[in-house]
Each structure stands twice: as C-alpha cells, then as structure tokens.
Amino acid sequence: MSKEQITALIKEGLDRAIAEGKLPAVDAGRIELDRPKRKEHGDWATNLALAVAGKVEMNPRQVAEAIKDSLPEAPDVISGVEVAGPGFINFHLAPHFVRAVLLEIEEKGAGFGACKVGAGRKVQVEFVSANPVGPLHVGHGRWAALGDALASVMSHAGYDVEREYYINDYGTQVNNFGLSISARYLEALGMDAEFPESGYRGQYIDDIARRIVDQHGDEFARMPQDERVSAFIEMEYPRMLGSIGATLEHMNVVFDVWFSERELYRKGEVEQAVTELEKKGQAYRDTGALWLRTTGYGDEKDRVLVRSNGEPTYFASDIAYHRDKMLRGFDLIIDIWGADHHGYVARMKAAMEAMGFGAEHLEVILGQLVKLFRSGEPVTMSKRTGEIVTLDELLDEVGADAARYFFLQRSADSPLDFDIELAKRESPENPVFYVQYAHARICSILTYAAESGADMSAPTGEDLDTLTEPSEMDLLRKLAELEEMVEFCAERRAPHRLTGYAEELAQAFHAFYRDCRVVTEDECLTRARIFAVRGVRQVLEVVLGLLGVTAPEKM
RNA sequence: GCCCACGUAGCUCAGUGGACAGAGCAACUGCCUCCUAAGCAGUAGGCCGUCGGUUCGACUCCGACCGUGGGCUCCA
C-alpha cells in the first residue's frame, strides 16, 4: 500500500537531511500522512515540516525543502513532489503505481481492503438485545444495521468478531408480558381483568390473547393467576423471540450467539458474580441491601446489587453477563445501547473495574433514536396506546437494502430522521440506488462486452498503460482508498463513513462512464478497461457487503 | 440542579489539528442517434450556536454560556 511506502521515503529523507547537516537532529515523532482534500495537492501530503519547524527554529518551508531535496529517488512510486502552502510536502503517485491497484484487487478478490489493525483480537459486538416481549421497532433496526456493519468492518480490519444477542428472558419485563396477555385473555373471555400498570398495550398482545382463546378456550381461566401468567410467558416469549429472529433475518442480520439471561441464573453465575464482588471487598450491606462500591471507580453513587427483599437487580445479572463475556476470552466487548441507557454506562464500567477486568475492555456505543417521517410529516408513535411502526412494517415498505443503508448513513451520535417516502423512491435522490446502480451498470457493461465479442482476458502491463484519462485515474485512486477506510471505520467504530465512501466510489465510476467507453475498437484499451471495471465491481461488492446491502446485477 | 450527546447551506447531515468547509434533498440551467438518463455537467446557497483560551495553524482540542435531546430508581 502506498501510504507505508511514502512514509518510509519521508523518514529516510528526514534522516538523510539531518545526516547531511541540512537540518539539526530532531525527533520527528509519528509521521502524519494524509490524503489532501484538493486534487492539485497530490495523492498524499505530510505536515512533517510544519510540525518540526518549531523544534529546529527554522522556517517550515525551508525545512520542507531540505527534506524534499534529501528524499530518495523512487520513480516507481512517485512522479512528483512539491513544497506547498505553509510548508506541506505533497506527493504525486506515478500513474503506473496507481494502476497497480487493479492487480491487487484481482489477487485479493473479496479480501481486498482488508487490513490487520485488529491483529486477531477477539471482539464481541452485542446489539439489538430487545426484550422478547414485543415486535422490534424501528430503533432496533438501527442498532441491527449498525452492529452488523460494525462487526463486518472490524472483521475486515483483522479482528476476530462475534455477534451476540442478549435475551432478557428473566424478571420484570417477561413477567409484565405474561400479565398483559393474561389480562387481555380474560377480557377476551368477557371476564373482568385489571390491566397491569406497566403492561404492554400494543395490539399484538390482543392478537396473542385471542389466538390463545381460539386454541385453548377458557382452560387457562380456571387456573390461579400466577400459574396462568407463567404458562403464558413460557408459551409466548419463545414465539416472540422466534419472530424477532425472523425480522432480523429479513434484514440479513445473523447472530453467532443468542445468550439467555435465564441461563445465567440457572448456572448460578449471578450468585457467583455477586459473591465474588463481596469477597473482593467491593460490595457492602446497608439498610438490608447489598451495594456495589461503584463510586470507587468514578460512578456518581453506589448501586444496589441485591435488594433488601433478596432479589438481585438487573444490574447484578448484567454484571454476571459481562463477567461471563470476559471469561469467554474476549479482549474487547462492545455493547450497543439506546441513548436512553447512557446513565448506565458509568456504573457498568465501574463494575468491570470492580471485577478486576479493566474498564477499557468494555466499549459502549450509544445510539440516538430514530424519528420516522412520511413525506416530511412526522409519524407519531405513542407509548401509551402502544401504536408503533414495527421494523417488519418498515422492511415490508422500503425493503431491507434501503432500510439498512438509511440506518447506516448517520453517525450513532446523531438522531436519525428516516423519511419513508424517500427510502422508497426509486430515483436518484435515494443514495442506496445510486450506489447499487453503479454496480448494475458495470454488470451490464460486462454482459455487453462478452456479447460483442470483446477480449475478456487479463490485460498485459502495456495494456494497462493505456489507462490515462483523468476520470479513470481518479476512479483507480478511489479504489485504493478502501483499505484506509476500513481501518478508519473499524478503529473509530464508525461504519457510517463507509456509506460516504460507497457514494464517492459510485460517483467516480459514473464520471468515468461519462468520459470513457469500455468496449472500443482499441483491443488493448478494451482489455484494460474491462479489467478496471471488474475491479470496481469487486470493490463495490466488498463495500456493499460490509454495509449488508445487496449488489444487484440488474436494476 | 448534576451528568452525557448534539448545534455546520433553506432541509437532512458528513467532516481524521492543516491548504479555498463538503454531500444529498429542495431551487435554477444544460446534456440521451451512445456499454442502463436509477446517469452526467453547471448555477445559487455558510458569522461551522456565542464568547474566551491553547496552537505556527481550530469546524476539529480546552473552558464558560445559550439552545435541543436524553439520563439522573432497592426500574429494566
């Protein structure tokens, strides 16, 4: 990759300039090399001279000139170097070197753009993890898209990644679920029933209740309330979980592990975790409850692990869960939570410290919420009546590709305005089609080339040298950026930047298409351009694959 | 009140301490005898919330303030 090679050249240039006495000895630190925003500033630029000028008490431009003059010759890589602006050193890559990206794509195929920053570290990304007490809503779709794409891009960056869904199948929420069904069930039978205060009021609860009546009549009405509620829980939460799984599958999100909270309790892990913390002196008893001393690790106040009635809190089981993750050998745990859980981050990190794992092993990504719009008008969602737009409804309406792409366009820190009508529109204002269209267009060109008898075999080096049009060179340069994008998105946990790259690549391709015919009378050029266009197709497939969006051959 | 995030074009948002701040939409103007016009080219649109600080250099880092959203349970 060009970045390392140029960094090495700069380092050598600096060392040589010092050795030749043009510069005083100085520690350059880490050499920064960036893609300049403006094309005329070349392919790569370094601010080294600006950074060093103060230390050596020289004019930055003089420093830059000195380094430039001492740079080793590298005609295979660089075609030009200049000092510009306040003291940047700009590098222009040799065209031959730019074209070489096509050979790399050919060689690496689906592995193109991969890198090794992850160094094989074991990472778990846990996301969605919605309580199995109702259908997924649109916000869950965002976490699903985000978690899945993050896992993909980190995997491409050399991490060993697992995707996990945590099932809260224990405690208050499932109990409320059972109580809600029970109330609707009795109502459906014309009996009096008090609907629980914090019950689930969605239509789907009525549907479940009615289905039970249809299948079982009033047989559950004769049991004691507790027995009926737990019967309903056991019957219905697995079914709900199944339907959540189906929705996620509909969105092409596949988890490696579905982890049950009940299992944690069944295996005694919650108790073990609590006992361990007590033994370590991290927990104390006060007013009948057991408290974790999270204030020792930066939390605002200590938190209850076991209530005075003997019941462990959700926090306790969450601690046990994170302990279990660490014991499974992950180097890094990434949790994706809704922004409404942000108050929970400090205490969970404190708990990691209290357990002796180190808070740096846990990263929490807080996703802002999704607001739905339809033609500019907000789609109202009411918790009170339980009227929500489900993820299934959204997927049915706009399709998995558009939904995923829209969810991924914004950084997790930004609330997302999702316009259903825009996502549905099959027109240029919809960016997902813009990118997919580039892929379809390439497929169509390749079909045309084959049908018109063009030579589809690999080009020679001389053939490749016929690629000289500015817009085709720009396209090749864009291809070469994938690897640093992957590294950036993985390290910053920012898969949304990949959508921007996808659009830039598509744009570069469409500009190429405008200027350059692929199938021409010139056999050398035709071989080279077919090869180039295949490379673009490969890279589009990689990027769309990381985003979890399909790459259609026809549109 | 305290904690966190956000504040960039008319709208929705990108933006990695660097050079003249970007995209899409919306508005306006052109371009199909052609491998897909789901495309391309162009015009217009900015006090990067405000004020200070750090730096050779700040949309970017720090502080204060203003605005928006979220959180501050022996809830999950």
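Here is the naming used below: chain letters follow the sequence lines, and residue numbers restart at 1 for every chain. Hydrogens, waters and symmetry mates play no part in the numbers below; they use all other heavy atoms, side chains included.
Remark: ring of A/His341 does not overlap the six-membered base ring of B/G71 in a stacked fashion, as centroids less than 5.5 Å apart with planes less than 30° apart are not both met.
When heavy atoms are screened at a 4.0 angstrom cut-off, A/Thr287 is found touching base atoms of the nucleic acid. Contacts of A/His41 with the nucleic acid, taken as non-hydrogen atoms under 4.0 Å apart, include base atoms. As judged by a 4.0 angstrom heavy-atom cut-off over every strand, A/Asn90 is placed among the base-contacting residues. Residue-level contact check: A/Arg514 touches the backbone only, with heavy atoms under 4.0 Å from sugar-phosphate atoms and none from bases. A/Glu300 comes within 4.0 angstrom of the backbone, heavy atoms only, and of no base. Across all strands, A/Cys443 comes closer than 4.0 Å to no nucleic acid atom at all (heavy-atom distances).
Taking the P atom of each, B/U43 and B/G22 are spaced 13 Å apart, rounded to whole Å. Taking the C1' atom of each, B/C48 and B/C59 are spaced 5 Å apart, rounded to whole Å. Between the P atoms of B/C62 and B/U16, the separation comes to 14 Å (whole Å).
Taking atom CZ of A/Phe418 as the reference point, atom P of B/C13 lies 13 Å away to the nearest angstrom. Taking atom CG of A/Asp401 as the reference point, atom P of B/A38 lies 18 Å away to the nearest angstrom.
Side chains of A/Asp455 and A/Ser457: a donor-acceptor N/O pair is present below 3.5 angstrom, by distance only.
A sub-4.0 Å separation between OP1 or OP2 of B/A37 and a side-chain N or O of A/Arg441 is present. Distances shorter than 4.0 Å separate none of the side-chain N or O atoms of A/Arg347 from OP1 or OP2 on B/U73. Taking side-chain N and O atoms only, A/Ser411 has a distance below 4.0 Å to OP1 or OP2 of B/A14.
Syn is the glycosidic conformation of B/C20, whose angle stays within 90° of 0. Taking the syn range as angles within 90° of 0, the glycosidic angle of B/C65 is outside it, so the base is anti.
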